[in-house]
J.: 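Dropping the structure in here first, questions after.
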Amino acid sequence: MASTPNTNLRGFNHAVQTLLRNPSQFLPHLTIPTFTHLPEQLGPHLYRQPPGEKPAPATTAATTKSPTIRALVLDKDNTLCPPKTTTFPPQILDKLSALRTSPTSPFNQSTAPDSILIVSNRAGSHPRFDAEVREIEDQLSSLRIPVFRLPEGSEKKPFCGKEVVDWFRKRGVVTRADEIAVVGDRLGTDVLMATMMGSWSVWCRDGVYEGIDPNKGRPNMNILERMEVWIEKYLRESRGLKAPLPRGWESQ
């Protein structure tokens, strides 16, 4: 378990440097209002080959049309629970249950028991949050959804991508990072981690709040969260940028 306190100054510096050097990496592959809007069959919503586009060399039509997602990395704070709590809103629990019990879900707990992992910069990131980890896992025990424990000496999001990919690989869930989708409310941690991993990203724009006016934003946003919303809109609408495809995916 990591022995450093719950600070992430290096993550902030990395986000700033990314915006200056490679701003498209700040953009998600898919934006949804909240986690409850996550499609069960996620691949076609992340990318679908435009009609008439020629497949890349050594690429089959099946892999070029849309990715195959076998694993989900889920943020906790403001994605599954209100920040700094272990309270799952009923609609979030319903969505998790559907993903784990639907016979057509790629994340069904009977056919793919290790396909969902909660990765938080709070719970699991330091021993001071061990009680929080136990409470989360107790609540989700029937769905068999664990919390990632950050290994000793490892850094928090967005820098723990390799460890997360290794977790899924060791359990036979994925062979490649582009079979993973990272779902969270922060561009500077969740989306950037997906980019660094070579995975796909899903941005929960409104956190855990349903029915939010996107022009006003969700309640109680801090300055960094407000800046991320503005930056995403600017890069997408004014600069015309798009999220880069996971490295190596088109050559698979």
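Heavy atoms only: backbone and side chains are in, while hydrogens, waters and symmetry mates are out.
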J.: Under the ring-ring contact (aromatic ring centres under 6.0 Å, His included) rule, what pairs show up with a residue in residues 183-206, not counting sequence neighbours?
T.: His29-Trp200, Trp200-Trp249
J.: List the residues meeting side-chain contact (heavy atoms from CB on, under 4.5 Å) with Cys81, not counting sequence neighbours, and say none if there are none.
T.: Lys76, Thr85, Phe88
J.: When you compare the side chain of Cys204 with that of Val183, does any pair of heavy atoms fall below 4.5 Å?
T.: yes
J.: Could you state the interatomic distance from OG (Ser201) to CG (Leu30), rounded to the nearest 0.5 Å?
T.: 8.5 Å
J.: Side chains of Asn22 and Thr195: does their closest heavy-atom pair fall under 4.5 Å?
T.: no
J.: What pairs with His45 under ring pair (Phe, Tyr, Trp, His ring centres under 6.0 Å), at least two apart in sequence or on another chain?
T.: none
J.: Please name the pair of heavy atoms, one in Leu150 and one in Cys160, separated by the smallest distance, quoted to 0.1 Å.
T.: CD1-CB, 3.7 Å
J.: Rounded to the nearest 0.5 Å, what separation is found between the OG1 atom of Thr175 and the CZ atom of Phe168?
T.: 13.0 Å
J.: For the residue pair Thr68 and Asp178, establish whether any side-chain heavy-atom pair is separated by less than 4.5 Å.
T.: no
J.: Less than 4.5 Å apart, side chain to side chain, heavy atoms only: is that true for Leu74 and Thr79?
T.: no
J.: Applying side-chain contact (heavy atoms from CB on, under 4.5 Å) to Thr34 and Ile212, what does each step give before you reach the verdict?
T.: CA-CA 10 Å; Thr34 71; Ile212 295 298; over 6 Å; no
J.: Can you tell me how far the CZ atom of Arg122 sits from the CD atom of Glu132, to the nearest 0.5 Å?
T.: 4.5 Å
J.: Checking Thr18 now: which residues fulfil side-chain contact (heavy atoms from CB on, under 4.5 Å) with it, not counting sequence neighbours?
T.: His14, Gln25, Leu192
J.: Listed by chain and number, what are the side-chain contact (heavy atoms from CB on, under 4.5 Å) partners of Pro113, not counting sequence neighbours?
T.: Arg144
J.: Decide yes or no for Tyr209 and Asn78: does some side-chain heavy atom of the first lie under 4.5 Å from some side-chain heavy atom of the second?
T.: yes
J.: What's the separation between atom CG in Leu187 and atom CD in Glu225, rounded to the nearest 0.5 Å?
T.: 10.5 Å
J.: Identify the two heavy atoms, one from Lys156 and one from Ser125, that lie closest to each other, and give their separation to 0.1 Å.
T.: CD-CB, 3.7 Å
J.: For residues Asp185 and Val208, determine if any side-chain heavy atom of one lies less than 4.5 Å from a side-chain heavy atom of the other.
T.: no
J.: For residues Ser24 and Leu241, report the shortest heavy-atom separation together with the two atoms involved.
T.: N-CD1, 4.1 Å
J.: Would a 4.5 Å heavy-atom cut-off, applied to side chains only, mark Leu99 and Leu38 as touching?
T.: yes
J.: When you compare the side chain of Leu46 with that of Ser66, does any pair of heavy atoms fall below 4.5 Å?
T.: no
J.: To the nearest 0.5 Å, tell me how far Ile180 CD1 sits from Trp167 CH2.
T.: 10.0 Å
J.: State whether a side-chain donor-acceptor pair under 3.5 Å links Thr36 with Gln91.
T.: no
J.: Is there a side-chain contact (heavy atoms from CB on, under 4.5 Å) between Leu140 and Ile118? Walk through the geometry before answering.
T.: CA-CA 11 Å; Leu140 302 179; Ile118 294 174; 3.7 Å; yes
J.: Please assess Leu96 against Phe35 for the test side-chain contact (heavy atoms from CB on, under 4.5 Å), listing each intermediate value before the final yes or no.
T.: CA-CA 9 Å; Leu96 288 170; Phe35 176 70; 3.7 Å; yes
J.: Restricting to pairs with a member in residues 186-202, which pass salt bridge (charged side-chain N to carboxylate O under 4.0 Å, His left out), not counting sequence neighbours?
T.: Lys157-Asp190, Arg186-Glu228
J.: Please answer: with hydrophobic residues joined when any side-chain heavy atoms are less than 4.5 Å apart, are Val133 and Leu143 in the same cluster?
T.: yes
J.: Counting only heavy atoms from other residues, nucleotides and ligands, does the tally under 6.0 Å from CE of Met221 exceed 12?
T.: yes
J.: For residues 214-240, which residue pairs pass the ring-ring contact (aromatic ring centres under 6.0 Å, His included) check, not counting sequence neighbours?
T.: Trp230-Tyr234
J.: Would you call Lys162 and Asp166 a salt bridge, taking side-chain N to carboxylate O under 4.0 Å as the test?
T.: yes
J.: What's the shortest heavy-atom distance between Pro246 and Ser199, and which atoms?
T.: CG-O, 3.4 Å
J.: Can you name the nearest heavy-atom pair linking Leu224 to Asn222, along with the distance?
T.: N-OD1, 3.0 Å
J.: Taking only residues two or more places apart in sequence or in another chain, which ones pass side-chain hydrogen bond (donor to acceptor under 3.5 Å, both in side chains) with Ser142?
T.: none
J.: State, to 0.1 Å, how close Arg247 and Gly198 come at their nearest heavy-atom pair, and which atoms those are.
T.: NH1-N, 3.3 Å
J.: Do any pairs count as a side-chain hydrogen bond (donor to acceptor under 3.5 Å, both in side chains) and have a residue in residues 94-104, sequence neighbours left out, and if so which ones?
T.: Glu40-Ser102, Glu40-Thr104, Arg100-Ser115, Ser102-Thr104
J.: Output all residues satisfying salt bridge (charged side-chain N to carboxylate O under 4.0 Å, His left out) with Arg205, sequence neighbours left out; order by chain, then residue number.
T.: none
J.: Starting from the C-alpha separation in whole Å, work towards a yes-or-no answer on side-chain contact (heavy atoms from CB on, under 4.5 Å) for Phe148 and Glu163.
T.: CA-CA 10 Å; Phe148 181 68; Glu163 292 86 342; 3.8 Å; yes
J.: Glu137: what forms a side-chain hydrogen bond (donor to acceptor under 3.5 Å, both in side chains) with it, not counting sequence neighbours?
T.: Arg149
J.: Looking at CE of Met197 and CZ of Arg176, how far apart are the two atoms once the value is rounded to the nearest 0.5 Å?
T.: 13.0 Å
J.: Please enumerate all residues that pass side-chain contact (heavy atoms from CB on, under 4.5 Å) together with Lys242, with sequence neighbours excluded.
T.: none
